[in-house]
Engineer: 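Here it is, the structure, as structure tokens.
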Amino acid sequence: MACVHVHAKFPILMSDPFDLGDIPEEEAARGPSISERAAAGVAAPAPYLENLNDPQREAVEALDGPVLVLAGAGTGKTRVLTTRLAHLLNTRRAWPSQVLAVTFTNKAAREMKQRIGALIGGTVEGMQWLGTFHALGAKILRRHAELAGLRSDFTILDTDDQIRLMKQVIQAADIDEKRWPARQLASLIDGWKNKALGPDQVPKGEGFAFANGKGAELYAAYQERLKTLNAVDFGDLLVENLRIFQEHPEVLEDFQNRFKYILVDEYQDTNVAQYLWLRLLARGHKNICCVGDDDQSIYGWRGAEVDNILKFETDFPGAKVIRLEQNYRSTPHILQAASGLITANQGRLGKTLWTQMNEGEKVTVKGVWDGEEEARAIGEDIEQFQRKDHSLSEIAILVRASFQMREFEDRFINLGLPYRVIGGPRFYERMEIRDANAYFRLVAQPDDDLAFERIINKPKRGLGNVAVQTLHQAARAQGTSMWRAARALIDSEELKPQARRALTTFVESVERWRKLLPALPHTELAEQILDESGYTEMWQNDKTAEAPGRLDNLKELVRSMEQFENMAGYLEHVSLVMDKDDQETDDKINLMTLHAAKGLEFDTVFLPGWEEGLFPHQRALDESGLAGLEEERRLAYVGITRAKKRAKISFAANRRIHNLWQNSLPSRFIDELPEANVEVEQQGDTYSYGPSRFDEGGFAGSDYDSPGWRRARANAGSTSTPPRRAPMIDAQATLIATSAPDAEGFARGERVFHQKFGYGRIESIEGTKLTVAFEKAGTKKVISSFVERT
DNA sequence: CCAGGCTATTTTTTT
DNA sequence: AATAGCCTGG
């Protein structure tokens with residue numbers, strides 16, 4: 001073994017004897033020798049430790065046993081994580097290949113690799129177990145695929161494939177796909193997999209929730225279909241791991257021995273399956289370190305269990321809990337505003353964030369007339385900042401729902417302010433990219449039925465529904481894939497001559513490409529496939545506005561394939577990594593949802609749309625009650641804590657949602673902000689009214705005593721109008737949510753008053769929606785509860 | 001097989 | 001309002 005230098009920069013990774021994929025078990029279990037470890041201790045304290053504060057350093061140095069690092073916003077979480085890892089390697093506690101480091105997103109994994117590389121120098125190639133839960137799950141599953149009834153070249157289906165497959169399963173079970181949409185089943189099954197429940201473990205009640213009790217049955221059928229397709233979905237990547245670990249203890253033991261140290265990022269976002277996976281793997285050496293912040297748990301709706309982090313100490317006895325509370329990001333006002341808000345939540349571990357920074361500006365709250373004015377006001381603010389040399393890329397607008405973005409985009413285009421939208425549809429999700437990938441998949445994996453079906457008639461080859469159905473039946477009858485069925489069919493008389501000819505050409509082409517697979521560089525082959533299949537041509541002949549963009553994307557796709565060794569490598573990447581990292585560095589305003597903002601920071605953060613119903617979102621309240629409300633509040637907390645210097649909250653009195661004008665109340669979160677850290681901003685000529693707390697305080701210039709306003713308040717605060725559903729009340733009998741009342745008592749032709757549009761006459765009524773011909777504003781659709789009888 | 005019209009839908013999003 | 005997915009009729 002190479003001699004050991006203990007410096008911050010040295011080629012640790014080159015000497016890892018375990019770096020070579022599969023290694024004998026006993027060897028894997030052996031760490032660096034005693035003398036090596038002792039030598040490490042003698043060396044001068046590593047320089048990277050010196051820049052840490054006390055708790056940070058403690059978190060880095062507490063290498064043994066379970067550790068939970070509660071890292072508040074802006075307290076140097078990533079730094080601790082990466083430094084800890086570097087320290088681990090540097091002190092020779094483990095070889096890089098013996099450390100399991102898990103993140104949620106590919107972005108986080110990339111970042112971690114980069115930063116570790118910078119710390120210890122050189123490459124991080126030896127860290128073969130650094131990645132997302134899913135990527136690591138896939139890696140393990142590929143090694144032991146046969147134990148799960150799969151071949152190691154199984155396909156990983158994305159959401160789209162999943163839903164198409166479920167559609168087939170639903171149809172096969174003779175269930176009305178209209179009444180019981182595949183989407184819904186998909187999310188149910190997803191939820192079950194997040195909880196690590198197999199088809200036989202689905203709780204009775206939940207299985208009943210779909211297709212009159214067929215839920216679990218369909219789940220089982222779906223799993224069966226996956227197995228025949230030699231495919232898994234995202235959830236399976238972990239669930240199958242769990243199954244293997246449970247059924248084959250020797251395999252589990254192998255991994256337990258291998259992973260001497262486990263590191264987990266964003267632990268508050270883990271779901272049950274991930275938690276079980278970690279717990280099993282950590283049972284070996286018990287050196288597991290989880291980093292997270294219960295106050296930033298905002299993914300409950302997709303299976304994350306805040307409970308995991310809340311009960312860490314119980315799960316891992318003897319766990320050390322370290323709190324990182326010194327914030328290096330925000331000013332005291334911002335920090336206190338956020339802290340004050342989050343104290344309204346019940347289930348939390350509790351942290352007290354503090355900072356050494358100077359006081360700074362208070363958080364501002366502004367009420368505006370409607371969404372358009374909100375965009376106008378923020379646009380003006382930004383122009384002001386711009387004049388003071390505030391860089392645009394240090395400004396962010398964080399919205400609750402993406403439809404809010406439009407108003408800002410419109411406004412910015414108008415003002416000529418450059419902006420970028422973060423998040424949104426991803427590269428690999430675009431239709432043309434998926435189509436291209438389906439071609440590649442079919443070539444590389446002949447039995448991939450979903451890929452086959454996707455492109456069999458794309459471009460149109462005269463193989464329509466009839467032909468596809470025939471193929472389906474043939475495949476099912478023979479118990480093979482559609483590809484094999486197709487090959488058999490072209491030698492038979494079953495298809496019409498036309499279809500038969502088309503299918504023959506198609507099959508021959510695919511076979512030709514398949515032969516080229518080992519011979520030709522995969523990028524060249526990709527180009528050839530796209531050309532010869534007529535796929536490129538299809539878009540060239542398409543005269544719609546998107547066509548040129550799609551062709552560009554295809555070119556970009558082929559270009560980006562270069563970084564992979566071969567087609568198989570590319571396909572694995574594409575199924576696990578749905579994002580593409582091209583980080584723009586231009587000076588532009590950042591526009592994104594609050595969810596997308598987690599982990600980011602900006603000098604100035606605008607937080608528009610703080611209105612009841614939008615934020616907290618009505619649906620979160622309706623569907624998850626108090627838990628939903630608390631998650632919304634954490635989202636607000638995340639939003640405020642993104643700001644380094646300025647946080648600017650606003651709310652509108654009127655907002656158009658789905659073309660309906662809604663009258664809105666300021667968000668309850670506004671009232672929960674500590675008064676001392678908030679400044680109410682007013683625009684001189686703007687009609688505005690204050691949040692309830694400011695009611696008495698004299699919020700000048702408002703006429704919130706109008707009938708509409710009174711009515712709106714009454715509506716939100718009481719159940720005087722009969723609610724459609726029972727109002728949600730929590731244990732303290734606090735009203736959480738009431739659903740919108742019906743349009744009871746209104747009649748056509750009646751004269752009404754609306755706060756925004758004035759007087760008008762009702763033209764028609766559909767449910768709670770009224771079409772009203774206003775005297776000044778013209779005909780509009782409005783919600784009945786915001787209209788006052790005159 | 002395709003076009004065009006109809007209807008239902010519209011929180012957040014990763015892998 | 002806008003859009004996407006689905007069905008029906010030619």
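Chain letters run A, B, ... following the sequence lines, proteins first and then strands; every chain starts at 1.
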Engineer: Mind checking A/Lys167 for me? I need base, sugar-phosphate or nothing, with any heavy atom below 4.0 Å counting as a touch.
Structural biologist: sugar-phosphate
Engineer: Would you please say whether a donor-acceptor pair under 3.5 Å links the side chains of A/Asn437 and A/Tyr570?
Structural biologist: yes
Engineer: Whole Å only: how far is the CG atom of A/Leu398 from the P atom of B/dT12?
Structural biologist: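 Roughly 14 Å, once rounded to whole Å.
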Engineer: Can you see whether A/Asn345 engages A/Tyr637 through a side-chain donor-acceptor pair at a distance of less than 3.5 angstrom?
Structural biologist: no
Engineer: Rounded to the Å, how far apart are A/Arg400 CZ and B/dT13 P?
Structural biologist: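 Distance, rounded to whole Å: 8 Å.
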Engineer: Donor-acceptor pair, distance only, cut-off 3.5 Å: does the side chain of A/Ser297 make one with the backbone of A/Asp294?
Structural biologist: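 Pair absent, no side-chain N/O of A/Ser297 close to backbone of A/Asp294.
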Engineer: Counting only heavy atoms not in A/Arg411, do more than 12 sit closer than 6.0 Å to its CZ atom?
Structural biologist: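 Yes, because the 6.0 Å sphere around CZ of A/Arg411 holds more than 12 heavy atoms from other groups.
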Engineer: Taking the six-membered ring for Trp, does A/His617 stack with B/dT11 (centroid gap under 5.5 Å, planes within less than 30°)?
Structural biologist: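 Check passed, A/His617 stacks on base of B/dT11.
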Engineer: Which heavy atom of A/Lys139 sits nearest a heavy atom of A/Gln128, and at what distance?
Structural biologist: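 For A/Lys139 versus A/Gln128, the nearest heavy atoms are NZ-O, 2.7 Å.
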Engineer: Choosing from B/dT13, B/dT15, B/dT11, which nucleotide comes nearest the side chain of A/Arg302?
Structural biologist: B/dT13
Engineer: Tell me: CG of A/Asp236 to P of B/dT15, nearest whole Å?
Structural biologist: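 These atoms are roughly 18 Å apart.
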Engineer: Tell me which one of A/Arg225, A/Arg441, A/Lys167, A/Arg434 satisfies salt bridge (charged side-chain N to carboxylate O under 4.0 Å, His left out) with A/Asp161.
Structural biologist: A/Arg441
Engineer: Students should find this one: the first and last nucleotides of DNA chain C, 5' to 3', lying under 4.0 Å from a heavy atom of chain A. What are they?
Structural biologist: C/dA1 to C/dC7
Engineer: Starting from C1' on B/dT15, measure out to NZ on A/Lys193 and report it in whole angstrom.
Structural biologist: 13 Å
Engineer: With respect to the phosphate group of B/dT11, does any side-chain polar atom (N or O) of A/Ser402 fall under 4.0 Å of OP1 or OP2?
Structural biologist: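 For B/dT11, OP1/OP2 do not have a side-chain N/O of A/Ser402 under 4.0 Å.
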Engineer: In whole angstrom, what separates A/Asp265's CG from B/dT15's P?
Structural biologist: 13 Å
Engineer: B/dT15, B/dT11, B/dT13: which one has an atom nearest the side-chain heavy atoms of A/Arg619?
Structural biologist: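 For A/Arg619, the side-chain atoms sit closest to B/dT11.
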Engineer: Just grab all the salt bridge (Lys or Arg N to Asp or Glu O under 4.0 Å) pairs involving residues 452-466 of chain A, residues at least two apart or on different chains.
Structural biologist: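 Salt bridge (Lys or Arg N to Asp or Glu O under 4.0 Å) check on residues 452-466 of chain A returns A/Asp160-A/Arg454, A/Asp435-A/Arg454, A/Asp435-A/Lys458.
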Engineer: Taking the six-membered ring for Trp, are A/Trp301 and A/His595 closer than 6.0 Å centroid to centroid?
Structural biologist: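 A/Trp301 vs A/His595: aromatic centres under 6.0 Å.
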Engineer: Quote, to the nearest angstrom, the P distance that separates C/dA4 from B/dT11.
Structural biologist: 15 Å
Engineer: Answer yes or no for this row: A/Trp301 ring on B/dT12 base, centroids under 5.5 Å, planes under 30°.
Structural biologist: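 Yes, the aromatic ring of A/Trp301 stacks with the base.
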Engineer: Is the shortest distance from a Lys or Arg side-chain nitrogen in A/Arg348 or A/Glu630 to a carboxylate oxygen in the other one below 4.0 Å?
Structural biologist: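 Result for this pair is no, no salt bridge flagged.
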Engineer: Classify the ring geometry of A/Phe564 against A/His573: parallel below 30°, tilted from 30° to 60°, perpendicular beyond 60°.
Structural biologist: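 Tilted, since the angle between the ring planes falls between 30° and 60°.
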Engineer: If the cut-off is 4.0 Å, is A/Asn106 near the phosphate of B/dT15, judged by side-chain N/O to OP1 or OP2?
Structural biologist: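 A/Asn106 to B/dT15 OP1/OP2: side-chain N or O found under 4.0 Å.
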Engineer: Starting from C1' on B/dT14, measure out to CZ on A/Phe104 and report it in whole angstrom.
Structural biologist: 9 Å
Engineer: Mark up nucleotides 1-9 of chain B, 5' to 3', with B wherever a protein heavy atom is under 4.0 angstrom from a base atom, S wherever such an atom reaches only the sugar-phosphate, and - elsewhere.
Structural biologist: SS-------
Engineer: Figure out the NZ/P separation between A/Lys107 and B/dT14, and round it to whole Å.
Structural biologist: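 Checked: the NZ to P distance equals 10 Å.
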Engineer: In this structure, how many angstroms lie between the P atom of B/dT15 and the NE2 atom of A/His134, rounded?
Structural biologist: 8 Å
